[in-house]
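The sequence lines fix the lettering, A, B, ..., with proteins before strands; numbering per chain opens at 1. Note: hydrogens, waters and symmetry copies are ignored here, and every other heavy atom, side chains too, is used. Everything quoted here is computed from the prediction, not taken from an experiment.
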Amino acid sequence: MLKTHTCGELRPEHAGQSVTLAGWVFRRRDQGGVIFIDLRDRWGIVQVVVNQENAPDAHKAADDARSEYVLMVKGVVRLRPEGTVNDELETGAVEVGVEHIEILNESKVPPFYLNQDVEIEERVRMKYRYLDLRRPKMQRNMIMRHKVVKFIRDYLDERGFLEIETPILFKTTPEGARDFLVPSRLNPGTFYALPQSPQQLKQLLMVGGYERYFQIARCFRDEDLRGDRQPEFTQLDMEMSFVQRDDVMALIEGLMIAVTEQVAGKTPKYKPFPRITYTEALEKYGSDKPDLRYDLAAVDISDIAARSSFIVFQQNAEAGKPIKVMRAPGYAAKMSGTEMRKVMGELETMARGEGAKGLAYLAIGDTLESEVKGPAAKYFSVDQKAELFERVGAEPGDILLFVSDVREVVYNVVDKLRRHLAGVLNLADPEEVAFGWVIDFPMFYWNEDEKRWDPSQHMFTMPLPEDVALLDTDPGKARGSQYDLACNGYEVAGGSIRIHDRALQEKIFPLIGQTLEHARDQFGHMLEAFEYGVPPHGGLASGIDRLVMVLLAEPNIREVIAFPKTQTGSDIMANCPTPAEPRQLEEAHIRVVPVPEK
RNA sequence: GGAGCUGUGGUGUAGUGGUUAACAUAUUGCCCUGUCAAGGCAAAGAUCGCGGGUUCGAAACCCGUCAGCUCCGCCA
């Protein structure tokens with residue numbers, strides 16, 4: 001080893017020891033006769049001091065050194081002189097008095113600051129990702145990610161789970177996301193698909209008798225990217241036999257609490273995790289993955305609004321369109337009348353963007369009885385206002401926002417306004433972590449384009465026992481055994497109890513527009529396997545990238561992935577994807593069709 | 001497929017029709033033996049993403065295009 005100690009570990013108890021360090025020049029302070037270098041490695045930063053009189057050769061090397069030079073430093077650890085202790089550094093009580101410096105490698109001037117917390121344009125960071133990764137924040141993120149994964153492995157191992165690898169080259173699935181395809185050279189004209197998740201394989205492992213399986217699995221989906229979505233990502237994939245819904249939920253809840261507390265050093269806002277139904281989530285928060293760090297729930301006031309003198313509300317109530325109120329606590333008190341009109345105009349634009357026709361509001365003054373302003377105020381009688389305020393828990397200084405339309409639009413507007421208001425009212429503490437289960441999802445949602453039901457999770461999800469009969473009579477009402485885990489407005493996990501009965505499975509296919517023959521074609525191996533003694537089983541998958549992102553309060557999934565893709569799915573460091581060589585195409589039996597001109 | 005935002009020395013920003021394109025920082029040189037975002041002095045560094053147009057004149061206005069980001073569609 002070229003180092004005896006790490007830069008980050010030196011403490012007063014090391015004083016007097018001769019050490020050899022190796023790392024990068026983080027900062028250099030040249031005082032003439034004495035040069036200070038903050039030397040950085042993965043474990044931290046320590047100050048090394050070079051004195052011209054004591055170590056002339058080392059001083060010459062320190063004089064030549066520049067930012068990001070790689071140095072090997074020999075010297076003696078000593079307590080810093082009184083008054084020069086640096087409380088900002090973990091190693092700030094000590095320094096290394098240098099006897100020898102060897103420049104292991106020089107560095108060009110880095111294209112951006114590694115030693116300052118300045119926002120750098122994303123494409124520059126990505127082009128020089130290997131430098132970006134040197135920044136302390138990125139190293140912290142990668143270390144946290146490692147610890148989370150390690151903790152999960154140990155936790156599940158201790159509970160009897162086996163980590164089993166499943167193929168990356170597998171079969172295309174017509175369901176769900178678009179597949180990445182891989183041509184088979186040995187079988188001209190045929191293709192593997194990269195797994196969207198090991199869903200089928202883990203179920204087959206249950207058939208295989210493993211009972212408790214997990215995998216830190218890479219998954220691939222050829223869909224457009226988002227701030228929380230990359231085309232390749234990592235899942236904790238797990239499956240258990242002989243379990244019911246609560247067993248899986250309890251295991252994962254225990255795991256998530258332990259990870260949050262023992263790895264991330266935070267405490268979940270709610271223990272145990274609250275459970276809300278899918279319907280309740282949408283009615284209150286407009287989302288099936290609500291941010292539970294703050295309340296801001298929408299309240300249905302259709303009955304009151306129907307009695308108001310506002311024609312639109314009367315008509316909507318008549319047509320069965322809900323009228324909901326969102327209470328922005330204290331928002332009116334923060335603004336002048338002019339500001340309010342401007343801000344409400346912006347909110348209305350936001351609501352229109354989600355399909356609403358408008359956004360009525362009402363601002364409450366210093367008391368609930370006085371100074372009620374805003375366009376919606378005049379439509380409600382004094383008694384109706386009192387009833388309204390009581391219903392939504394209004395307080396002086398609040399603004400009440402009225403949303404009314406078909407349910408889907410109301411949900412979208414509520415979700416959008418919630419997230420926005422939480423931001424402007426500072427309701428979402430970035431350091432807080434609020435998990436919550438969402439359960440009782442519908443089995444299917446209606447696909448109007450294809451005129452069929454689509455599975456809301458996947459086709460192997462078991463209906464709730466009491467809803468099995470609904471498959472024949474009213475499939476849209478049937479609820480599945482699905483459970484999703486939401487955290488801070490992100491979906492961080494989802495799973496279900498699976499169908500283990502072939503007859504029930506075969507009932508699902510026609511509902512989702514698949515003929516039995518087609519199903520046999522695509523899932524014959526599954527159906528066949530299901531004839532050989534399948535244990536009741538269920539499991540869950542959790543997006544590791546997203547989970548780590550939330551635990552670190554990072555706003556973007558790229559911050560927790562070493563080499564992520566840009567929004568157009570490219571890697572601007574390595575410059576890919578690129579066209580294939582003609583020879584490669586020939587071997588793969590692929591012909592490229594030029595993109596047609598517009 | 002669509003909408004929006006952004007693109008100015010290495011980096012971060014200012015500059016809304018006429019400027020020597022400004023500032024900070026980084027960089028280079030010199031000075032400096034207790035600094036820690038060290039300091040002082042000096043220097044170098046930008047055809048304002050690219051192409052076209054409007055104009056006497058464009059970093060700025062218009063059109064197109066490319067890239068990055070955010071969002072909708074898409075995706076659990």
The side chain of [X] lies closest to which of these nucleotides: [options]?
{"X": "A:Phe36", "options": "B:U33, B:G34, B:A26", "answer": "B:G34"}
{"X": "A:Glu53", "options": "B:A26, B:G68, B:U33", "answer": "B:U33"}
{"X": "A:Arg558", "options": "B:U27, B:G34, B:U70", "answer": "B:U70"}
{"X": "A:Arg29", "options": "B:U70, B:G34, B:U35", "answer": "B:U35"}

Partner nucleotide of [N] by Watson-Crick or wobble geometry (both distances under 3.5 Å):
{"N": "B:G29", "result": "B:C41"}
{"N": "B:U35", "result": "none"}
{"N": "B:C61", "result": "B:G53"}
{"N": "B:A3", "result": "B:U70"}
{"N": "B:A22", "result": "B:U13"}

Using atom [atom1] of each nucleotide, how far apart are [N] and [M] to the nearest Å?
{"N": "B:G49", "M": "B:U55", "atom1": "C1'", "result": "23 Å"}
{"N": "B:G53", "M": "B:G45", "atom1": "C1'", "result": "32 Å"}
{"N": "B:G68", "M": "B:G29", "atom1": "C1'", "result": "37 Å"}
{"N": "B:A14", "M": "B:C56", "atom1": "P", "result": "31 Å"}
{"N": "B:G57", "M": "B:G18", "atom1": "C1'", "result": "7 Å"}
{"N": "B:U11", "M": "B:A58", "atom1": "C1'", "result": "26 Å"}
{"N": "B:A46", "M": "B:U19", "atom1": "C1'", "result": "15 Å"}
{"N": "B:A26", "M": "B:A3", "atom1": "C1'", "result": "38 Å"}

Using whole Å, report how far [atom1] of [X] lies from [atom2] of [N].
{"X": "A:Tyr69", "N": "B:A26", "atom1": "OH", "atom2": "P", "result": "17 Å"}
{"X": "A:Lys60", "N": "B:U33", "atom1": "NZ", "atom2": "P", "result": "18 Å"}
{"X": "A:Arg40", "N": "B:A37", "atom1": "CZ", "atom2": "P", "result": "16 Å"}
{"X": "A:Arg28", "N": "B:G39", "atom1": "CZ", "atom2": "C1'", "result": "14 Å"}
{"X": "A:Leu114", "N": "B:A37", "atom1": "CG", "atom2": "P", "result": "17 Å"}
{"X": "A:Lys565", "N": "B:C69", "atom1": "NZ", "atom2": "P", "result": "13 Å"}
{"X": "A:Gln31", "N": "B:C30", "atom1": "CD", "atom2": "C1'", "result": "16 Å"}
{"X": "A:Arg178", "N": "B:C74", "atom1": "CZ", "atom2": "P", "result": "11 Å"}

So, [X] and [Y], do they make that salt bridge, N to O below 4.0 Å?
{"X": "A:Glu99", "Y": "A:Lys74", "answer": "no"}
{"X": "A:Glu68", "Y": "A:Arg40", "answer": "yes"}
{"X": "A:Arg145", "Y": "A:Glu559", "answer": "no"}

Indicate whether OP1 or OP2 belonging to [N] is found under 4.0 Å from a side-chain N or O atom of [X].
{"X": "A:Arg352", "N": "B:C72", "result": "no"}
{"X": "A:Thr566", "N": "B:G68", "result": "yes"}
{"X": "A:Asn556", "N": "B:U70", "result": "yes"}
{"X": "A:Ser570", "N": "B:A67", "result": "no"}
{"X": "A:Arg66", "N": "B:G29", "result": "yes"}

Check: [X]/[Y] side-chain N/O donor and acceptor closer than 3.5 Å:
{"X": "A:Glu554", "Y": "A:Asn556", "value": "no"}
{"X": "A:Gln47", "Y": "A:Thr91", "value": "no"}
{"X": "A:Ser496", "Y": "A:Gln457", "value": "yes"}

Check your understanding: Which one of A:Glu119, A:Met138, A:Met573, A:Arg558 satisfies the side-chain contact (heavy atoms from CB on, under 4.5 Å) criterion with A:Arg125?
Key ->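 That would be A:Met138.
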
By the 4.0 Å heavy-atom rule, please label [X] as base, sugar-phosphate, or nothing.
{"X": "A:Gly176", "answer": "sugar-phosphate"}
{"X": "A:Glu82", "answer": "nothing"}
{"X": "A:Thr568", "answer": "sugar-phosphate"}
{"X": "A:Arg80", "answer": "base"}
{"X": "A:Gln482", "answer": "base"}

Review point. Would a 4.5 Å heavy-atom cut-off, applied to side chains only, mark A:Glu106 and A:Val70 as touching?
Key: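 Result no, sub-4.5 Å side-chain heavy-atom pair not found.
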
Practice item. Test for a donor-acceptor pair under 3.5 Å between the base of B:C71 and the side chain of A:Arg419, counting only N and O atoms. Key: no

**Study point:** Contacts of A:Ser197 that satisfy side-chain contact (heavy atoms from CB on, under 4.5 Å) - sequence neighbours left out
**Key:** A:Gln199, A:Cys219, A:Arg221, A:Gln235

Only one of [options] passes side chain to side chain donor-acceptor pair (under 3.5 Å) with [X]; say which it is.
{"X": "A:Lys60", "options": "A:Asp57, A:Asp63, A:Asp64", "answer": "A:Asp64"}
{"X": "A:Arg498", "options": "A:Gln203, A:Gln505, A:Glu239", "answer": "A:Glu239"}
{"X": "A:Gln215", "options": "A:Asp237, A:Thr166, A:Thr234", "answer": "A:Thr166"}

Check your understanding: If each of A:Gly494 and A:Val49 is mapped to the nucleotide of RNA chain B with the nearest heavy atom, which maps nearer the 5' terminus, i.e. the 5' end?
Key ->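 Looking at the nearest nucleotide for each, A:Val49 comes out on the 5' side.
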
Revision key, fill the gap. Whichever of A:Ala177 and A:Pro555 has the more 5' nearest nucleotide on RNA chain B, that residue is A:Pro555

Check your understanding: Quick one: CG on A:Leu425 to CG on A:Leu296, what's the gap to the nearest 0.5 Å?
Key ->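 Here the rounded value is 7.0 Å.
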
Revision key, fill the gap. Contact string for nucleotides 3-15 of chain B, one letter per nucleotide 5' to 3', B = base within protein heavy-atom range under 4.0 Å, S = sugar-phosphate only, - = neither, reads -------BBS---

Review point. Which of residues 220-230 of chain A have a heavy atom under 4.0 Å from RNA chain B?
Key: A:Arg221, A:Glu223, A:Asp224, A:Arg226, A:Gly227, A:Arg229

